[in-house]
Every structure is written in C-alpha cells, then in structure tokens.
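Report on one structure; see the data block that follows.
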Amino acid sequence: MKQWPLVLLGFVAIAAWPLLTDDVFLQRLGALVLLAAISASAWNLIGGYAGQVSIGHSVYFGAGAYASLVLYTQLGWPPIAGAPVGMLVAMALAAVVGTPTFRLRGHYFSMATIAAAELARILVANWKLLGAAVGLMGPPVPRSVVDLSFISPVPYHYLFLAVLVVLLGLTWQMQRSRMGYYLAAIRGGDRAARSLGVPVLRYKLYALLLSAAFTSLAGSLYVVMVGFIDPDSALGILISVKMVIVAALGGSGTLFGPLIGAIILVPLEETTNAVFGGSGTGVTYIVYGAIIVLIARFRPGGVADLWRSITVRMARRAA
Amino acid sequence: MLLEARGIIMAFGAFRAVDGADLDVAEGEIIGLIGPNGAGKSTFFNCLAGDAQPTAGTIRFRGQDVTRATPEAHARLGMARSFQVPVTFEDMTVAQNVMVGAFLRHGHRAAARRVADEVLAFTGLDQLADTPARSLGTPGRKRLEIARALATEPQLLLLDEALAGLTPAEVRLAIALVRRIKARGITIVIVEHIMEVILSLAERAVVFHQGKVIAAGAPRAVVDDPAVVTAYLGHHMKRVRRGGVG
Amino acid sequence: MILLQVVVSGLLMGAVYALFSSGLTLIWGMMNVVNFAHGDFVMLAMYAAFFAFTLLHLGPAFFIPGAAAVLFVLGVVVYLGLVRHVARGPMLAQILGTFGLALVLRYAAFWAFTANFVSLPDNLVGGTFDIGGLRIEASRLLGGVLALAITLGMHLVLTRTMLGSRILAVAEDRNAAMLMGIRPDRMQALAWGVGAASTGVAGALIAMFFYISPTVGESLSLIAFVVVCLGGFGSVPGALVAGLGIGVIEALSAYLIGAVYQDVVVYALFLLVLWVRPQGLMGTA
Ligand SMILES: Nc1ncnc2c1ncn2[C@@H]1O[C@H](COP(=O)(O)OP(=O)(O)O)[C@@H](O)[C@H]1O
Ligand SMILES: [Mg+2]
C-alpha cells in the first residue's frame with residue numbers, strides 16, 4: 001500500500017474536524033458522517049466483500065437501536081449497555097435468517113432480504129413492548145455520564161471514530177487473510193469457489209455475523225446520540241438503502257469506499273434537509289436514487305474504482 | 001484404484017445425460033475422455049467432482065464414498081477440476097486467483113503466496129501474476145483455471161476441454177504442461193475433442209456416447225473401434241447437415 | 001357468507017395482482033433481471049389515472065388505455081436507457097439500477113404529489129351489485145374481470161402469435177433466437193414495454209377503488225415478487241393462479257387476523273417459498 005501517508009492524513013483530518021469549527025451543525029455533520037461510515041462499512045462485509053447484496057440490513061440496525069432503548073425503558077440500563085445485547089440479537093437473527101437465505105443467488109437474495117426487513121418493520125410497529133408505531137425514547141436527561149447523553153456532538157464524534165477505526169482495522173485484517181480471499185472468490189462465483197474447497201455457506205455466514213454485529217452497534221450508537229427511535233427511523237427500508245448506496249458510491253468491497261461514500265453523501269443529505277426543510281427527505285432520496293442509477297449505469301465500482309483508473313492513467317502518463 | 005465410479009446415472013427429467021457410466025482411474029495415469037458434443041462428459045465430471053448429485057450410482061475416491069459429498073469436500077480430499085467454460089474471479093489478480101486455491105492447505109497468507117508463486121512459475125503465468133484476471137483471454141483463463149486447481153495440491157485433476165479454442169502453438173504448450181503435471185505425480189482425466197491430443201497424451205481412452213461408455217482401452221485401438229467411428233461419424237454427418245452449427 | 005364475500009373480493013384484487021405480476025414475470029423470464037421499480041410503475045399509473053380524471057376529466061374508457069400507453073413508453077425508455085446496459089454488468093449494478101429508479105419514482109411522486117392519500121370518486125363506475133347476497137362494488141368487479149381478461153389475452157398473445165413466439169424464443173435461448181434472425185434487443189425492449197403497460201392497466205384499475213399514495217408501490221413490488229416466485233419465474237399462467245391465490249390469502253388474513261398483518265402473512269409466505277423451493281413453487285428449473 002503506497003497510499004498509507006494519504007490514509008493517515010485523512011484520519012488526522014477527520015480527528016481534527018470538530019476542533020476546527022465552533023459551528024454545531026458542522027460538528028454534528030462530522031459525527032453523522034462517521035456513523036454512516038460505520039454502518040456502510042459493516043454492510044460492506046457481506047454486501048461488498050462477499051457480493052451478497054442485502055437490502056434488509058435495517059433489521060440488524062434496528063436490533064441494536066431497539067435493544068438499547070428497550071433495556072433502558074424496561075430495566076433502566078444506560079443505552080450503550082444494550083449495545084452488546086443488540087449485537088448478540090443481531091447475530092442470532094443473522095444465523096436464523098441468513099442460513100436459509102444464502103442458498104439464494106443474486107436478485108433472489110436481495111428480494112428475500114427486503115421481504116424479511118419489511119416483515120420485521122411491520123411486526124415491530126405492532127409490538128407494544130417495543131413502543132409500536134410511536135417508538136421509544138431514551139433518557140430525557142442524563143442520569144450520569146454512562147448515559148452518554150451530551151449536548152455537544154463532539155464526544156460522539158470521537159466515540160464513532162474509535163468504533164470506525166476498530167471496524168476498519170478488523171476489515172483490513174480480514175481482507176488480507178484467507179477469509180478475504182475466500183469472500184472475493186464467493187463474489188466471483190460460488191461454483192468455482194467451491195471447486196477450490198471454499199466452504200461457501202460457512203464463509204457467507206461468518207461475513208454476515210460480523211456484518212450484523214457491527215450494523216447493530218451502529219444502531220445502538222445512533223440511539224445513544226439521537227435518543228429516540230420509531231419503526232421508520234430504525235427499520236425503514238431507507239435505512240438499508242442508505243447503507244447500500246453509501247458503500248456503493250464510495251466503492252463496495254473496498255476498505256475505504258464506505259467512508260468516502262459517507263463523506264460525499266451525508267453532507268449532501270444534511271444540506272438538502274436544511275435547505276428544503278420537511279420535504280427535504282423526499283428530495284434527498286430522489287438524489288440518492290439518481291446517484292444509484294448513475295453508479296449502476298456508468299461506474300459500478302464507485303468512486304474508489306474511478307480513483308484507481310485515474311491514478312493508473314496518471315502513472316502511465318508519468319512513465 | 002484412486003477413483004472408482006460405478007453405474008453413474010444423471011437424469012434431467014426423463015432424459016439421462018449420463019446413463020450408467022463406469023470409470024476406474026489408477027494412480028498416476030492420464031485418461032482421455034472423448035465423445036461427441038452432448039455425450040454427457042461434462043455432466044459426468046460434475047458428478048465426479050460433487051457439483052451434481054447423480055441420480056444413481058456410487059463414486060469412491062481414495063477409498064471413501066464421495067457420491068453425496070460437497071464439491072468443497074472433494075477438493076479437500078484431493079480432487080480438483082477445471083470448467084469447460086472458465087470461471088475466473090474477475091475482480092482479483094491472477095496471483096490472487098491462484099492463492100484462493102492455495103489457501104485450502106495453507107492458512108497463512110505468506111505460505112499461500114509462496115505456493116501460488118511456485119504454481120505460477122510452473123504454469124508459465126508468472127509474468128501475468130499481477131494483472132487482473134478480467135484482462136485475460138480464453139487461453140489465459142484456461143491456464144489460470146489449471147493453475148488455481150494445482151494450487152489446491154490435488155492428487156486427481158479433472159480437465160474439461162482445457163485445450164479447446166487454443167491455437168496449435170498454444171495446444172503444444174498446453175500438452176507440455178499436462179505432461180509436467182503428470183510428472184509431479186498428479187493423476188489426470190482430460191476431456192478433449194482433438195484426437196491427436198488424446199493420442200499423444202493419454203495412456204487410456206474412454207469413449208462416451210449418449211451417456212454411456214461405448215469403448216475403453218489404448219487410445220489407438222479405441223480410435224479404430226468401429227462403434228466409435230460410427231458414433232463420431234454419425235455425429236459429424238449431423239453437424240455437416242445442420243450447416244456446422246453446434 | 002361473509003367468508004365467501006371475503007374470498008370473492010380477494011379474487012378480484014388478486015386478478016389485478018396477476019395482471020401486473022404477469023408483466024414482471026415476462027421481463028424476468030426473458031432476461032433474468034428483476035424490476036425493483038415494478039410496484040412504483042403501478043403507482044405512477046395510479047396517479048396518471050387520477051390526474052387524467054381530475055385535470056382532463058377523462059373517464060376510465062380513456063384513462064385505462066392512456067395509462068397503458070404512458071407506461072409502455074416508460075418501460076421501453078427504461079430498458080433502452082438503463083436496463084440494457086446494466087443487465088450484463090456486475091450483480092450489484094443490476095440490482096441497484098432498477099432499485100435506484102424505484103427510489104427516484106417514489107420520492108419524485110412524494111415531492112410532486114405530497115404524502116397525502118388521494119382517491120378517485122367512488123361513483124366513477126357506478127354503485128354496488130348484489131349477486132345472491134354477495135355485495136360487490138362495480139369498480140372492483142370491472143377491475144377484476146378486466147384484469148383477468150387482459151392477463152389471459154397476454155398469455156394468448158405470447159403462445160399463439162408470431163410476435164409472442166419470437167419473444168419466447170429470446171427468453172428460451174438468446175443465441176439460438178439470434179441465429180433465427182430475431183433481434184433480441186428489440187424483443188427485450190418490447191417485453192419491457194409490455195411489462196410496464198401491464199402495470200399501466202393494473203394501476204388505472206386499482207385507482208378506481210383504492211387509495212393512491214407515493215409509497216404504495218413498495219408493497220406492490222413485493223406482492224409482484226411473491227406472485228412471480230410462487231407462479232414460477234417467467235410463467236404467465238403461473239402468475240395468474242398465484243395472483244388470485246395471493247389476493248385470497250391477503251383478504252382472508254386481513255379478515256381473520258387483522259388488516260395490519262395481511263402483508264406479514266404474504267411476506268412470510270414469500271420467504272418460506274424461497275427458502276424451501278428457491279426455484280419457485282411451480283417452477284421447474
Ligand atoms: N442442467 C441440465 N438440465 C437439462 N439438461 C442438461 C443439463 N446439463 C446438461 N444437460 C444435457 O445433457 C447432455 C449432456 O451434456 P454435457 O454433459 O454438457 O455433454 P458434453 O460435455 O459431453 O458435451 C446435453 O444434451 C445437455 O443438453
Ligand atoms: Mg462438455
């Protein structure tokens with residue numbers, strides 16, 4: 001990797017971001033970018049590296065978000081303490097739902113994930129314990145510092161950054177190990193992979209378990225910061241879509257693709273929301289949709305791929 | 001026997017693509033599997049490699065019953081294959097493709113890379129190690145599939161038309177490669193259309209026709225067998241009449 | 001008696017499901033590509049019918065064929081501009097292409113027409129029939145019967161005409177069809193046109209008795225997936241049977257366990273079928 005200095009510089013810039021500005025909107029933006037990068041990077045493990053395009057990851061996001069707030073409303077736990085529980089629930093769901101679903105290929109897999117996620121959303125929206133359609137609230141005022149309820153976005157920025165660094169570190173390790181090669185082989189084609197001794201179902205499951213756990217953690221982190229969820233904001237199809245598009249825009253199946261995608265998309269989303277107010281959500285998703293169509297049509301490899309072809313061309317010109 | 005297949009039947013609905021075929025493979029030999037298009041050779045390979053579950057019959061490999069075993073279990077036991085239509089991992093480089101095979105017996109990246117480098121040199125792909133697989137042409141892909149299979153360190157290698165679509169010069173290189181693979185102590189079953197290849201490579205030829213083995217033995221004798229001549233001629237006549245399509 | 005009433009209204013709705021699902025199964029069987037925006041096509045047709053009536057004062061005799069024509073054009077444009085290019089690309093591009101389109105259509109509608117539900121006046125197609133104690137709204141009856149007739153018509157066109165056999169030839173084996181002098185690209189564009197036109201008719205029919213909202217397409221897409229998967233990928237008769245079946249199952253579950261759970265039953269059924277028989281319930285390959 002000749003790009004290490006660049007990567008280091010990038011992370012220094014991200015770490016310094018909240019210190020460079022007093023504007024709360026911009027500070028909050030930084031935290032939101034990192035959160036989106038966490039969930040898209042988590043999606044990337046199964047959707048990008050293993051090439052299994054899940055459009056139902058909201059299930060795992062919701063598992064984390066709901067675990068954190070249910071344990072608060074029922075037992076008074078600080079929301080962050082629900083995170084490990086959410087991760088376990090998400091992994092259990094992944095094992096139960098993922099195992100039969102993995103036998104499906106391509107479109108069939110994607111459709112099954114959409115159906116499963118919609119199923120979960122409707123069930124939760126009618127489940128009293130989980131606040132039904134109204135949703136759940138976190139602690140209105142922090143009871144102690146472990147509630148991690150801060151007015152400033154800055155502490156969240158560093159919390160999220162720490163999680164992202166851990167996740168990307170793990171992903172980097174994974175990418176270089178046998179598992180990374182096996183997932184790429186699975187993406188290239190089940191049949192050839194199996195002929196070389198790759199236990200396809202097992203590795204898909206490993207990737208999904210890891211992906212589900214971190215997506216769930218992103219859900220918990222989201223409620224820790226926002227303090228409120230309802231079926232749409234935790235389990236809506238747009239939650240899943242956002243992970244896919246952030247990863248795909250940056251470059252799915254690449255280490256930094258999701259982070260790059262988040263750096264581009266989240267400010268776009270927050271700006272449209274700020275400009276258009278309530279109807280901003282609609283405009284945001286028109287833009288999102290258009291971006292996905294354009295990526296699919298012209299650059300399936302995303303920004304990372306664009307970057308690679310530009311550097312290759314520049315290197316060729318220099319030579 | 002390294003491999004024993006007995007009474008293999010593979011039915012698609014009422015149609016039997018493989019219809020009671022037997023095959024014995026002894027350690028160290030090269031067997032040529034020939035037969036007209038649609039004879040069921042690829043389907044038979046799929047059954048042998050665990051890619052398809054035969055409707056009936058048993059397959060034993062290295063003394064174990066592998067009839068219902070998964071393809072990955074076959075690979076672990078030491079059976080590797082190439083596909084008639086090559087399936088390379090397009091997003092990966094040539095070396096990375098080969099490393100996927102090498103990881104079967106070597107958990108660490110450095111070890112897998114060492115095996116891959118050795119196999120790349122052996123198959124003459126070392127110059128292309130870092131090019132993306134998607135930029136290879138058909139001959140390159142066929143060679144890469146063989147390299148990938150070799151990296152799993154197999155005892156038995158099934159090659160499905162690994163030489164089809166190559167120029168005469170490339171065919172000569174490929175024949176030399178197959179000989180070198182055999183010299184490594186790897187047993188080979190090769191499906192091939194070109195008679196000359198079978199005659200120069202194989203120690204034994206097995207002829208498939210309509211899912212059945214219609215002749216087996218020394219290549220020269222098999223090629224002159226009247227039943228084989230009829231099967232082939234009949235097929236060629238049909239091809240000529242159909243205008244060479246197919 | 002009530003149960004019978006429920007079953008009949010389920011069948012009538014199911015006929016409309018069968019109609020737009022036939023369009024999806026046609027595309028799917030032909031190209032092995034899913035249109036994730038299929039339900040949103042139906043949504044567009046519903047709005048087309050609504051505005052044709054409220055702004056242009058056109059009745060069903062005009063807005064049904066009108067919606068079909070508009071959607072036909074949309075289908076062809078989407079094929080030529082997008083699907084043709086992504087169909088051979090990586091799986092991610094295939095999925096994201098029409099999925100992104102679904103988002104654009106859904107939220108453009110949301111933006112242009114607001115999230116409020118609208119509907120055509122009840123009396124557009126007059127009144128309610130009483131058939132031996134069964135009360136059936138005329139609009140639903142018209143919708144169901146027309147949908148059934150058009151679906152059967154589509155099947156006949158596919159199986160009995162030259163054009164249909166050309167389309168099926170491309171679905172069967174693209175290369176062989178090319179050797180026979182058929183241009184697959186044209187046939188596929190046509191299939192996309194016809195598939196989208198089926199959503200045009202279906203949407204206009206549903207609009208006569210169902211509320212219209214920008215997000216209605218999401219659940220309609222899922223219903224089309226379920227129907228196609230149950231009926232066998234690429235089979236119009238299969239889609240017909242499965243569409244009717246899903247209509248009834250949905251109506252019965254709404255009646256027996258509550259309207260909020262009708263989708264739950266349908267989606268759960270879908271997952272179950274995919275898990276148990278990934279090739280579809282009536283499919284063979
Ligand atoms: N999955 C399948 N379903 C139905 N028929 C098949 C299938 N696979 C192969 N066949 C048929 O089986 C026959 C043998 O095919 P194949 O094994 O590819 O022959 P060969 O490799 O000898 O040319 C052919 O007629 C082919 O059409
Ligand atoms: Mg063959």
Side-chain angles (χ1 to χ4, degrees), chain A residues 47-48 51-53 55 97 99-101 103-123 125-126 133 187 237-238 241 244-245 247-249 252-253 276 279-302, chain C residues 28 32-34 36-37 78 81-83 85-86 89-112 114-115 214-215 218-219 221-222 225-226 228-229 233 258 260-276 278-280:
Chain A
Q52 309 299 306
V53 185
I55 313 184
V97 177
T99 308
T101 311
R103 294 194 300 133
L104 306 168
R105 300 217 180 109
H107 304 109
Y108 305 96
F109 178 78
S110 301
M111 288 189 299
T113 57
I114 294 179
E118 276 300 283
L119 205 59
R121 186 184 61 82
I122 299 169
L123 289 175
N126 291 285
R187 187 176 60 209
I237 189 165
L238 294 178
V241 169
V244 182
I245 173 184
L249 175 67
S252 78
F276 290 91
S279 67
T281 335
V283 178
T284 304
Y285 284 101
I286 298 174
V287 175
Y288 270 25
I291 291 174
I292 312 190
V293 172
L294 292 176
I295 296 172
R297 170 73 176 78
F298 297 105
R299 269 282 155 195
Chain C
W28 196 331
N32 209 6
V33 163
V34 178
F36 281 94
V78 166
L82 177 65
V83 176
H85 305 282
V86 297
M91 186 48 68
L92 185 71
Q94 289 183 26
I95 292 166
L96 291 191
T98 57
F99 196 85
L101 180 67
L103 283 184
V104 171
L105 296 178
R106 197 174 299 165
Y107 288 93
F110 190 86
W111 194 55
T114 78
T215 48
E218 189 182 335
S219 64
S221 280
L222 276 164
F225 297 163
V226 184
V228 170
C229 168
F233 306 97
V260 290
Y261 292 110
Q262 69 178 41
D263 286 343
V264 171
V265 172
V266 174
Y267 299 166
L269 188 72
F270 177 50
L271 284 176
L272 217 65
V273 171
L274 279 177
W275 286 344
V276 179
Q279 68 275 46

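Below, read A as the first sequence line, B as the second, and so on, with proteins coming before strands; counting in each chain starts at 1.
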Which heavy-atom pair separates [X] from [Y] by the least distance, and what is that distance?
X: Val293(A); Y: Gly97(C); answer: CG2-O, 3.6 Å
X: Trp28(C); Y: Met111(A); answer: CH2-CE, 3.1 Å
X: Ala112(A); Y: Leu274(C); answer: CB-CD1, 3.7 Å
X: Pro300(A); Y: Pro90(C); answer: CB-CG, 3.6 Å
X: Glu218(C); Y: Ile237(A); answer: OE2-CG2, 3.6 Å
X: Leu82(C); Y: Arg297(A); answer: CD1-CB, 4.1 Å

Task: Verdict with supporting geometry, Phe99(C) and Tyr288(A), ring pair (Phe, Tyr, Trp, His ring centres under 6.0 Å) - done: CA-CA 11 Å; Phe99(C) 196 85; Tyr288(A) 270 25; over 10 Å; no
Tell me, do [X] and [Y] make a side-chain contact under 4.5 Å, heavy atoms counted?
X: Ser110(A); Y: Ile95(C); value: yes
X: Leu123(A); Y: Tyr261(C); value: yes
X: Leu103(C); Y: Ile286(A); value: no

Open item on the list: Which atoms of Ile295(A) are under 4.5 Å from chain C, going by heavy atoms: the side chain, the backbone, both sets, or neither?
Closed with: neither
TODO: Measure Thr99(A) against the heavy atoms of chain C and call it side chain, backbone, both or neither at under 4.5 Å.
DONE: neither
Open item on the list: So which residue, Ile291(A), Ile292(A), Val244(A), Leu294(A), ends up with the most heavy-atom pairs under 4.5 Å with chain C?
Closed with: Ile292(A)
Task: Option in Ala248(A), Gly47(A), Ala115(A) with maximal non-hydrogen atom pairs under 4.5 Å from chain C - done: Ala115(A)
TODO: Report the residues that fulfil side chain to side chain contact (heavy atoms under 4.5 Å, CB included) with Arg121(A), sequence neighbours left out, ordered by chain and then residue number.
DONE: Glu118(A), Pro231(A), Asp232(A), Leu235(A)
TODO: Could you check whether the rings of Phe36(C) and His107(A) sit parallel, tilted or perpendicular, using 30° and 60° as the cut-offs?
DONE: tilted
- [ ] Tell me whether the centres of the aromatic rings in Phe233(C) and Tyr108(A) are closer together than 6.0 Å.
- [x] yes
Task: Pair Phe109(A) + Trp275(C): ring centers closer than 6.0 Å - done: no
Task: Leu271(C), part contacting chain A, at a heavy-atom distance under 4.5 Å - done: side chain
Open item on the list: Heavy-atom cut-off 4.5 Å, strictly under: side chain, backbone, both or neither for Leu222(C) against chain A?
Closed with: side chain
Task: All side-chain hydrogen bond (donor to acceptor under 3.5 Å, both in side chains) counterparts of Tyr107(C), not counting sequence neighbours - done: none
Which of [options] touches chain A most, by non-hydrogen pairs under 4.5 Å:
options: Asp263(C), Leu105(C), Val86(C), Val34(C); answer: Val34(C)
options: Val83(C), Val226(C), Val266(C), Val264(C); answer: Val264(C)
options: Thr114(C), Val104(C), Leu101(C); answer: Val104(C)
options: Gly89(C), Ala109(C), Gly100(C); answer: Gly100(C)

Task: Spacing of CH2 belonging to Trp111(C) relative to CZ belonging to Phe276(A), to within rounding of 0.5 Å - done: 6.0 Å
